[in-house]
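Reading through the structure tokens given below for one structure.
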Amino acid sequence: FARRRREGGALEGWSVEDRLGSLQVPVLLARGKSDEISPETTAMMQQAIPNAQVKTFVGGGCPHIDDWEYFLEVTDNFLAGVEETDRTA
């Protein structure tokens, strides 16, 4: 993502960083350990998005394909936590 923006790709100059703080929904940032999105970029996004959570999966940039069963387990647990928070709010 960040690399494509720097190298003159289709996303060059495009950014939503200044709007991340306006997200009002729970966010799970999922990345692969060898993903193109760096840990630093993910950390910046997590800090900018209220109550964002990060999960780094073993493998490449497609954890939803590489280990889809574990990805679904993590996603289900995240959503269950969101539902629980909504019930207690």
Side-chain angles (χ1 to χ4, degrees):
F1 176 75
R3 187 175 78 194
R4 288 187 182 135
R5 284 187 12 215
R6 286 192 309 267
E7 294 179 355
L11 299 177
E12 182 178 14
W14 180 80
S15 177
V16 295
E17 290 174 21
D18 60 333
R19 295 184 287 171
L20 293 176
S22 67
L23 289 171
Q24 300 295 313
V25 295
V27 174
L28 175 63
L29 300 166
R31 65 176 301 278
K33 190 171 184 175
S34 59
D35 204 316
E36 286 187 24
I37 298 176
S38 70
E40 294 80 18
T41 298
T42 307
M44 177 278 299
M45 293 172 71
Q46 182 181 24
Q47 288 177 344
I49 301 169
N51 301 312
Q53 296 179 32
V54 174
K55 175 63 180 170
T56 301
F57 294 85
V58 175
C62 297
H64 60 290
I65 295 171
D66 297 337
D67 192 357
W68 63 270
E69 289 175 325
Y70 182 57
F71 181 84
L72 290 179
E73 179 184 330
V74 169
T75 304
D76 284 346
N77 289 336
F78 171 76
L79 293 173
V82 169
E83 290 174 354
E84 184 63 32
T85 300
D86 284 348
R87 277 184 276 208
T88 60

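The two residues Asp35 and Gly61 make their nearest non-hydrogen contact at OD2-CA, 3.5 Å. Closest heavy-atom contact between Leu29 and Ala52: CD1-CB, 4.4 Å.
When each of Asn77, Val54, Val74 is tested with Leu28 by the rule side-chain contact (heavy atoms from CB on, under 4.5 Å), just one qualifies, namely Val74.
The aromatic rings of Phe57 and Phe71 are tilted relative to each other, their planes meeting at an angle between 30° and 60°.
For the atom pair CH2 (Trp68) and CD (Glu73), the distance works out to 12.0 Å, reported to the nearest 0.5 Å. Note that the CD1 atom of Ile49 and the OG atom of Ser22 stand 9.5 Å from one another [nearest 0.5 Å].
Atom CG of Asn51 has 12 or fewer heavy atoms from other residues, nucleotides or ligands within 6.0 Å.
Contact check for Lys55 versus Thr75: no side-chain heavy atoms found under the 4.5 Å cut-off. With a 4.5 Å cut-off on side-chain heavy atoms, Met45 and Thr41 count as touching.
Between the Thr56 side chain and the Gly32 main chain, no donor and acceptor come within less than 3.5 Å of each other. Panel note: side chain Arg31, backbone Ile37; a donor-acceptor pair is recorded below 3.5 Å.
Leu79 and Val25 fall into different hydrophobic clusters, where Ile, Leu, Val, Met, Phe, Trp and Tyr are joined by side-chain heavy atoms under 4.5 Å apart, directly or via other members. A single hydrophobic cluster is seen to contain both Phe78 and Tyr70, as judged by linkage of ILVMFWY side chains at heavy-atom distances under 4.5 Å, directly or through other members.
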